[in-house]
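See structure below.
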Amino acid sequence: MRPALAVGLVFAGCCSNVIFLELLARYYAIMVTMFFTVSVVNNYALNLNIAMPLHMIFRSGSLIANMILGIIILKKRYSIFKYTSIALVSVGIFICTFMSAKQVTSQSSLSENDGFQAFVWWLLGIGALTFALLMSARMGIFQETLYKQFGKHSKEALFYNHALPLPGFIFLASDIYDHAVLFNKSELYEIPGIGVTLPIMWFYLLMNIITQYVCIRGVFILTTECASLTVTLVVTLRKFVSLIFSILYFQNPFTLWHWLGTLFVFIGTLMYTEVWNNLGTTKSEPQKDNKKN
């Protein structure tokens, strides 16, 4: 091969790699921006008269948002069974949202003006949750197209999603500082077995970081070992356990209507994953094996 030709091929290869990396970096920048926005809006919604159970139930509507945007953007079509499950989730979220609105406006400790103001803040919280829900669904579709174009690199995506947004929290530095001051003022707590004493809010934050890491790490490991149906079912059950724990621990008001709405949400979610069909298939497989033997 002539030297000039070899140099030309190397130069062309380097240029193509640079263009590929620039394109990938641009897509990751978009994905990280979406992830940062969704995380901030979801957390800030808790400051807008949104109770934790309603927050978790509302976020369970991600199936609806994904289906709607999938139909619009990716031109997907689904079975009647899945449309029915989405209808159940929609009804469940509507029931819980409507009953929470009645609780906000009927607080006896608030005056008429304060009650109206609390209701307005609650409406803003619902708007923030709706925006975050749609943005999260759009991010999921964006990731799906990104994986198809560049390959599935879950660890790489996990790192970029959590590491690159960190500089964005500089814009929230004052809010972070105010909460750090509040954390320092909380009562002291001695960690069992270690003997280290620190404000209890910092201990809660530390435990939250550890459990979040275990959860996210476990989901990604489960994704590599099991089918997506199994992963979705595990995450759904985790949401249900979190909801029950939140109601009991924080003593949130939860009426019969709330339970009915929650039941619709989780039944609809399980229907969407087609877990019953999967269980039927699993039971029939040993029978087929026995016939072969």
Side-chain angles (χ1 to χ4, degrees), residues 26-74 76 85-105 116-146 157-158 160-162 164-176 179 212 216 232 235-236 239 242-243 246 252 258 261-262 264-266 268-269 272:
R26 189 189 312 161
Y27 283 138
Y28 269 127
I30 296 174
M31 186 173 64
V32 167
T33 302
M34 290 181 178
F35 180 80
F36 177 78
T37 303
V38 170
S39 299
V40 172
V41 173
N42 271 326
N43 289 329
Y44 193 77
L46 295 173
N47 297 329
L48 300 173
N49 288 340
I50 299 296
M52 182 59 72
L54 178 61
H55 191 278
M56 283 188 283
I57 294 170
F58 205 95
R59 292 182 66 181
S60 298
S62 57
L63 288 175
I64 306 170
N66 274 285
M67 176 173 280
I68 293 175
L69 293 184
I71 293 173
I72 296 174
I73 299 175
L74 301 179
K76 289 185 176 181
S85 68
I86 293 304
L88 282 175
V89 175
S90 302
V91 172
I93 290 178
F94 174 78
I95 292 175
C96 292
T97 304
F98 180 75
M99 295 307 297
S100 296
K102 291 180 64 176
Q103 287 178 355
V104 170
T105 55
F116 176 76
Q117 184 178 4
F119 179 70
V120 171
W121 283 112
W122 179 85
L123 287 179
L124 291 176
I126 294 296
L129 287 178
T130 304
F131 171 79
L133 193 67
L134 295 175
M135 179 65 73
S136 179
R138 183 65 184 91
M139 182 177 66
I141 294 176
F142 184 80
Q143 286 178 326
E144 182 179 342
T145 57
L146 190 65
L158 178 63
Y160 284 134
N161 275 348
H162 291 81
L164 294 183
L166 291 178
F169 288 97
I170 295 176
F171 299 101
L172 303 174
S174 60
D175 189 50
I176 295 175
H179 281 80
Q212 285 286 341
I216 295 173
T232 305
V235 173
T236 301
K239 287 182 180 179
S242 299
L243 177 63
S246 175
N252 286 291
H258 284 90
T262 304
F264 281 172
V265 168
F266 287 101
T269 303
Y272 183 87

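Just so you know, residue 1 is the first one in the sequence shown, and it goes up from there. All values below come from the heavy atoms of this structure, side chains included, with hydrogens, waters and symmetry mates left out.
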Can you check side chain to side chain contact (heavy atoms under 4.5 Å, CB included) on Phe264 and Val89, steps first, answer last? CA-CA 6 Å; Phe264 281 172; Val89 175; over 6 Å; no
Between Leu172 and Val40, is any pair of side-chain heavy atoms under 4.5 Å apart? yes
Please report the interatomic distance OG(Ser39) to CE(Met135), rounded to the nearest 0.5 Å. 11.5 Å
Approximate separation, where rounding is to 0.5 Å, of Thr33 OG1 and Phe142 CZ: 9.5 Å
Would you say that Phe131 contacts Val38 through its side chain, given a criterion of any heavy-atom pair below 4.5 Å between the two side chains? no
Would Arg138 and Leu134 count as a side chain to side chain contact (heavy atoms under 4.5 Å, CB included) if you check the C-alpha gap in whole Å, the side-chain angles of each, and the deciding distance to 0.1 Å? CA-CA 6 Å; Arg138 183 65 184 91; Leu134 295 175; over 6 Å; no
Please tell me if the side chains of Ile176 and Phe169 come closer than 4.5 Å, counting only heavy atoms from C-beta onward. yes
Around Tyr44, counting heavy atoms of other residues, nucleotides and ligands shown, do more than 12 lie under 6.0 Å from its OH? no
Nearest 0.5 angstrom please: Leu133 CG to Ile126 CD1, how far? 11.0 Å
Shortest non-hydrogen separation from Ala45 to Leu129 and the atoms involved: CB-CD2, 3.8 Å
Applying ring-ring contact (aromatic ring centres under 6.0 Å, His included), can you list everything that pairs with Phe35, at least two apart in sequence or on another chain? His162
How many angstroms lie between CE in Met139 and CD1 in Ile30, if you round to the nearest 0.5 Å? 13.0 Å
Given Leu88 and Val265, is the side chain to side chain contact (heavy atoms under 4.5 Å, CB included) satisfied, shown in steps? CA-CA 6 Å; Leu88 282 175; Val265 168; over 6 Å; no
